[in-house]
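Accompanying notes for the structure given below.
It should be emphasised that the depicted structure is a prediction, and the values quoted were computed from it without experimental measurement.
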Amino acid sequence: MVSADEIRQIFVALIGLTFLGFALWALISPRQLAQVLGQQWSNSNGGNEFHAIYIGVFLAQALLCLVALLNPDIAILTDLVIAFLLAQPLGRLFALFRGFRTQGLLTLLFSLEVLGGGLLVLFRW
């Protein structure tokens with residue numbers, strides 16, 4: 001039988017791979033990813049910010065997941081994975097209250113963020 005710790009580790013691995021996948025997509029084909037996400041760069045700062053988030057921050061989140069996987073006995077690492085993951089749908093809720101609701105791929109990502117973060121919380125204890 002699979003333990004809660006093993007399930008949590010599987011979720012952390014999947015979350016890390018997802019962040020790594022999006023970072024690689026942004027690295028290889030940034031304009032395609034931006035288009036899929038509904039982003040347009042009207043100036044250099046827009047493209048710069050996109051790269052900072054989707055490559056820099058997402059690689060950092062993937063690295064955090066890797067460190068959490070390699071150190072399962074340090075619970076705060078998984079807690080940080082949870083916090084960073086659930087911060088995204090929280091931010092999306094602020095956008096929703098301002099009239100910007102998710103569409104397409106972002107609706108799926110919102111659902112996966114909530115589900116993944118919720119499952120990690122559930123298997124955290």
Side-chain angles (χ1 to χ4, degrees):
M1 178 166 256
V2 180
S3 71
D5 289 340
E6 292 169 325
I7 292 171
R8 186 179 66 248
Q9 292 297 93
I10 291 168
F11 287 142
V12 169
L14 291 173
I15 291 164
L17 288 172
T18 301
F19 280 118
L20 179 61
F22 272 90
L24 290 174
W25 188 359
L27 187 65
I28 294 167
S29 188
R31 291 193 183 278
Q32 180 193 34
L33 177 57
Q35 181 180 3
V36 168
L37 297 174
Q39 295 185 7
Q40 295 178 343
W41 306 331
S42 59
N43 60 42
S44 182
N45 281 345
N48 189 288
E49 188 68 9
F50 173 89
H51 285 77
I53 293 168
Y54 286 95
I55 296 174
V57 173
F58 276 31
L59 282 176
Q61 287 181 276
L63 180 61
L64 175 60
C65 290
L66 177 62
V67 172
L69 280 171
L70 295 176
N71 298 282
D73 53 321
I74 304 175
I76 189 71
L77 295 172
T78 300
D79 293 345
L80 287 170
V81 170
I82 293 168
F84 278 98
L85 183 59
L86 290 178
Q88 290 183 284
L90 176 64
R92 295 187 199 287
L93 287 175
F94 280 98
L96 179 64
F97 293 135
R98 293 184 172 154
F100 302 106
R101 63 179 200 81
T102 61
Q103 297 176 336
L105 179 62
L106 283 182
T107 300
L108 174 63
L109 292 177
F110 173 79
S111 301
L112 290 174
E113 291 159 0
V114 172
L115 179 65
L119 288 171
L120 275 178
V121 168
L122 179 66
F123 288 101
R124 169 66 177 88
W125 291 278

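Here the side chain of Asn48 pairs no donor or acceptor atom with the backbone of Ser44 at under 3.5 angstrom. Asp79 places no side-chain N or O within donor-acceptor distance of the main-chain N or O of Ile82, the cut-off being under 3.5 Å.
Taken to the nearest 0.5 Å, the CG atom of Leu90 stands 5.0 Å off from the CZ atom of Phe94. A distance of 11.5 Å separates CG in Leu96 from CZ in Arg98, rounded to the nearest 0.5 Å. Interatomic distance, CD of Gln103 versus CG of Leu37, reported as 12.5 Å (0.5 Å rounding). For the atom pair OG1 (Thr18) and CD (Gln61), the distance works out to 11.0 Å, reported to the nearest 0.5 Å. Interatomic distance, Leu24 CG to Ser29 OG, rounded to the nearest 0.5 Å: 12.0 Å. With rounding to the nearest 0.5 angstrom, the CG atom of Leu85 is 12.0 Å from the CG atom of Leu80.
Under a cut-off of 6.0 angstrom, the local environment of CZ in Phe84 is sparse, with at most 12 non-hydrogen atoms contributed by other residues, nucleotides or ligands. Few gaps surround CD on Glu6; more than 12 heavy atoms of other groups in view lie less than 6.0 Å from it.
A chain of hydrophobic side-chain contacts below 4.5 Å, direct or via other Ile, Leu, Val, Met, Phe, Trp or Tyr residues, connects Val36 to Leu108. Val81 and Val67 fall within a single hydrophobic cluster, where Ile, Leu, Val, Met, Phe, Trp and Tyr are joined by side-chain heavy atoms under 4.5 Å apart, directly or via other members. The hydrophobic clustering, which links ILVMFWY residues whose side-chain heavy atoms are closer than 4.5 Å, places Leu77 and Leu17 apart. Under the 4.5 Å side-chain heavy-atom criterion for grouping Ile, Leu, Val, Met, Phe, Trp and Tyr, Leu20 is not connected to Trp25 through any hydrophobic cluster. Cluster annotation: Leu33 is connected to Ile53 through the hydrophobic network of ILVMFWY side chains, with a link wherever side-chain heavy atoms come within less than 4.5 Å.
Counting only heavy atoms from C-beta outward, the side chains of Gln88 and Leu109 never approach each other to under 4.5 Å. With contacts defined as side-chain heavy-atom distances shorter than 4.5 Å, the pair Phe19/Leu64 does not qualify.
Nearest heavy-atom pair, Cys65 versus Val12, reported as atom, atom and distance to 0.1 Å: O-CG1, 3.4 Å. Of all heavy-atom pairs spanning Gly118 and Leu86, the tightest one is N-CD2, 4.3 Å. Taking every heavy atom of both residues into account, Ala23 and Ile55 meet most closely at O-CG1, 3.9 Å. Here the shortest heavy-atom pairing between Arg8 and Pro72 reads NH2-O, 4.2 Å. When all heavy atoms are compared, the tightest approach of His51 to Ala26 is NE2-O, 4.5 Å. Of all the heavy atoms in Thr102 and Arg92, the pair that sits closest is CG2-CD, 4.1 Å.
Applying the side-chain contact (heavy atoms from CB on, under 4.5 Å) test to Leu119 and every residue at least two apart in sequence or in another chain returns Phe11, Leu115, Leu122, Phe123.
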One pair to check against side chain to side chain contact (heavy atoms under 4.5 Å, CB included): Ile15 and Leu120. What are the steps and the verdict? CA-CA 10 Å; Ile15 291 164; Leu120 275 178; 3.4 Å; yes

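Side-chain contact check for Glu49 and Trp41: no donor-acceptor pair (N or O, by modelled atom type) lies under 3.5 Å.
Ring geometry for Phe22 versus Phe58: interplanar angle over 60°, hence perpendicular rather than tilted (30 to 60°).
Phe100 shares a hydrophobic cluster with no other residue; no ILVMFWY side chain has heavy atoms under 4.5 Å from its own.
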